Amino acid sequence: MPEFIDPIGTLRTSFLAAVAEFRADPDYPVPWYIDDVDPQALATPEAFEAYTARVVDERNSWGVRPGFVPMTTLWWVDREQFLGRLAIRHRLTPALEKFGGHIGYDVRPSARRQGHATAMLAAALPIARSLGISQALVMCDKTNIASQRVIEANGGRLLDITEQKRRYWVSTTRS
C-alpha cells in the first residue's frame with residue numbers, strides 16, 4: 001500500500017527511473033523539482049544521499065535556499081517504488097499565491113490514473129494542518145483536468161481562474 005516517506009537515498013534507482021519518465025513524457029512539462037536535482041546527485045549514490053538530506057533540511061528555516069520558503073517534501077512510495085512527490089510550502093509569497101500555492105504534487109507518468117494524486121493530497125491535508133495551515137491554496141494549470149478533479153475530490157473550492165491557473169482553497173480539517 002502506498003505511503004508517504006521522507007526522501008531517502010535507498011530509493012535512488014526508482015527515483016532515477018521516474019526522472020527518465022518525466023523527461024520522456026511529451027504530454028506534460030517536466031516538474032520543476034526534477035530540474036532542481038543536482039546533476040551530480042543523479043550520477044552517484046553519495047551525491048544522491050546529499051540531495052535527499054538537502055530536501056529534508058528545507059523544512060527548517062536554516063535549510064531554505066534563497067528564493068524559497070520552508071517546505072516539507074514527501075515521497076509517495078509503494079515499498080521500493082517511487083510513485084511521486086508532494087511538497088507542502090509552510091507559507092506563501094506573492095509569487096506562490098499566483099503560481100504555486102501551499103501544496104504541489106507530481107505522480108510519475110507510469111503511475112498516473114491510478115488514484116495516487118487524490119490519495120496523496122488527502123494524506124497531505126492533516127500534515128498541512130499540523131504546520132498551521134487551515135486552508136491550503138492548491139492550484140493546477142487551467143488545462144489540467146485530471147488535477148482539477150484531484151483537488152475537487154479533496155474538497156477544493158474554486159477561488160478563481162487566472163490566465164494560467166485554476167486556484168482552489170482546500171480545508172485541512174476535512175472529516
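Being a predicted model, the structure only gives us computed values, none of them experimental.
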Can you tell me if [X] uses its side chain to pair, donor with acceptor, with the backbone of [Y] under 3.5 Å?
X: T73; Y: V55; result: no
X: Q164; Y: D141; result: no
X: N154; Y: T118; result: yes
X: T52; Y: I8; result: no
X: R149; Y: N144; result: no
X: D160; Y: T162; result: no
X: R85; Y: G104; result: yes

Problem - Residue K98 excluded, over 12 heavy atoms near NZ under 6.0 Å - result: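 Check fails, neighbour count at 12 or below.
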
Handout entry: Qualifying residue for ring-ring contact (aromatic ring centres under 6.0 Å, His included) with W75, from F15, F4, Y105
Key =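 Testing W75 for a ring-ring contact (aromatic ring centres under 6.0 Å, His included) against F15, F4, Y105 leaves exactly one candidate, F15.
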
In one Ile/Leu/Val/Met/Phe/Trp/Tyr side-chain cluster, 4.5 Å: [X], [Y]:
X: F68; Y: F99; value: no
X: W32; Y: F82; value: yes
X: L16; Y: Y33; value: yes
X: I161; Y: V138; value: yes
X: V19; Y: Y28; value: no

Would you indicate whether the side-chain heavy atoms of [Y] and [X] approach each other to under 4.5 Å?
X: L11; Y: V77; value: yes
X: D36; Y: R65; value: yes
X: Q81; Y: R79; value: no
X: R108; Y: F22; value: yes
X: L137; Y: Y168; value: no
X: E152; Y: V150; value: no
X: V170; Y: L125; value: yes
X: R166; Y: M139; value: no

Practice task
Any chance you could lay out the side-chain contact (heavy atoms from CB on, under 4.5 Å) test for C140 and I151, step after step, and finish with the verdict?
Solution key: CA-CA 9 Å; C140 62; I151 298 166; 4.1 Å; yes

Which atom pair, heavy atoms only, marks the closest approach of [X] to [Y]?
X: R89; Y: M71; value: CA-CB, 3.9 Å
X: M120; Y: L86; value: O-CD1, 3.8 Å
X: E49; Y: G9; value: OE2-CA, 3.5 Å
X: T10; Y: E80; value: O-OE1, 4.2 Å
X: I127; Y: I88; value: CG2-CD1, 3.6 Å
X: A128; Y: I103; value: CB-CD1, 4.3 Å

Exercise for the section: Please determine if D106 and R112 form a salt bridge, counting it only when a charged side-chain N lies under 4.0 Å from a carboxylate O. Expected result: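 Salt bridge between D106 and R112, a charged N being under 4.0 Å from a carboxylate O: no.
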
Problem - R59 bridged to D6 by N-O distance under 4.0 Å - result: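 Here R59 pairs with D6 in a salt bridge, since their nearest N and O are under 4.0 Å apart.
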
Just verifying a value: how many Å separate [X] [atom1] and [Y] [atom2], rounded to the nearest 0.5 Å?
X: I34; Y: E21; atom1: CD1; atom2: CD; answer: 10.0 Å
X: D57; Y: N60; atom1: CG; atom2: CG; answer: 6.5 Å
X: H116; Y: L83; atom1: NE2; atom2: CG; answer: 4.5 Å
X: R91; Y: E97; atom1: CZ; atom2: CD; answer: 11.0 Å
X: F48; Y: R12; atom1: CZ; atom2: CZ; answer: 7.5 Å

Exercise for the section: Could you go through the side-chain hydrogen bond (donor to acceptor under 3.5 Å, both in side chains) check for Q40 and Y51 one step at a time? Expected result: CA-CA 9 Å; Q40 187 63 25; Y51 162 72; over 6 Å; no

Practice task
Please test H90 against V69 for side-chain contact (heavy atoms from CB on, under 4.5 Å), starting from the C-alpha separation and ending with a verdict.
Solution key: CA-CA 7 Å; H90 300 188; V69 298; 5.8 Å; no

Practice task
Decide whether R129 and Q135 meet the rule of one side-chain donor and one side-chain acceptor closer than 3.5 Å.
Solution key: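 Side-chain D/A pair, R129 to Q135: absent.
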
Practice task
Dump the intermediate steps for side-chain contact (heavy atoms from CB on, under 4.5 Å) on L74 and I5, then the final yes or no.
Solution key: CA-CA 6 Å; L74 300 165; I5 65 165; over 6 Å; no

